[in-house]
Amino acid sequence: MANSFILRAGERGHNLIPSSGLNASYVAGHPEGFITRESSFNFHEYQTGRAGFGRMRVFGDEVFFGAGCGYNMHPHHNFVICAFVLQGELTHVNTVGNIDQLHAGDYYVFSAGSGGKHAELSINGDEMHAIYIWLLPDQLLLPPSYKRAHFDAIARRNKIQELIGAADGALPVPQDFRVSRLVSDMPQKHVYHPRSTAHGVYIFVLDGELTCGEIALGRRDSAGIWGTDAIACETGAHTSDILFVETIV
Amino acid sequence: MADADQALKRLLCLGCGFLYDEALGLPEHGLAPGTRWDDVPADWVCPDCGAPKHLFEMVVIGYAAGQPQIQPAA
């Protein structure tokens, strides 16, 4: 018997974080720059929603506005931080030793482990859109690491493609956790198979439409489904872009 | 005071991932090894990111090989 929750786009936590005032040292960029963050789960000031889902604690839908905007170098431990760039150019700098530039389709896994810092910047003046996912690791104080890869929406269209996990070409994470993406250009039926009924799937519609049984999701809507080993869904008539986040629950 | 028979806990800051392990305390921040989370002052904040105490989550996760580098006091 499947369990589920639905989180509509407008029900998420909303923060507008200016790069001035109290946040001036945390948020990079000119004083008029700002970040918008839509949080699916409780995060910082937003504490009235769900605490997380399985091992996931943060699912942030973020936009950096203005030249140089983003997060200045700041510290982390333990969390495995994943970023999926949807639009614009993200410059990621970390203390593992990487200066990386990511564009639409690029994604990274930064495992902070025993301690690391990173900066996330949109250096040019274009809007940078990214999804940030944080998950708990399966061990504390692991050696910090950084890996990146690219999702090719054209070559992989109409297929559920595993981006993070144990699949060939996917980026591994130290957790029972997978992220897959489906970009569909036509109405199509798909079945997502979690590893077991003890795994849950958080389905987030980046764009377009997705129907999972009784659950109809539009742009930026999401649903958590657990207690089943098969999730049947159907994409909408136009381009649909979906993330499936699978975690032990 | 916390129950002395209770297993020592580990708590993770949800703002940044900073770890508070009761067994280790944070001697450099005035919290001796063995200091229970309940006995950490209510106005204490994450030394790395400033998140308040209520934004820490108890975790049951083991250490990676070779960690922690600071051993708990006997």
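Letters go in sequence order (proteins before strands), and every chain restarts at 1. Keep in mind that this is a model prediction, so the values were computed, not measured.
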For A:Ile99, does the CD1 atom sit with more than 12 other heavy atoms under 6.0 Å from it, leaving out its own atoms? no

Within 45 degrees of the axis of the six-membered ring of A:Phe5 and under 6.0 Å from its centre: does A:Arg50 put its NZ or CZ there? yes

Using heavy-atom distances under 4.5 Å, tell me whether A:Tyr26 contacts chain B through its side chain, its backbone, both, or neither. neither

Need one label for B:Ile61: side chain, backbone, both or neither, based on atoms under 4.5 Å from any heavy atom in chain A. both

For chain B, which of A:Asn78, A:Leu142, A:Leu141 has the most heavy-atom pairs under 4.5 Å? A:Leu141

Assess the side chains of A:His92 and A:Asn94: does a donor N or O sit below 3.5 Å from an acceptor N or O? yes

Tell me, side chain or backbone of A:Leu136 under 4.5 Å from chain B's heavy atoms, or both, or neither? side chain

Which atoms of B:Glu57 are under 4.5 Å from chain A, going by heavy atoms: the side chain, the backbone, both sets, or neither? side chain

The interface call for B:Leu14 against chain A, heavy-atom contacts under 4.5 Å, is both

Distance only, no hydrogens: is a donor on one side chain within 3.5 Å (strictly under) of an acceptor on the other, for A:His74 and B:Asp48? no

With a 4.0 Å cut-off on N to O distance, would you call A:Arg37 and A:Asp61 a salt bridge? no

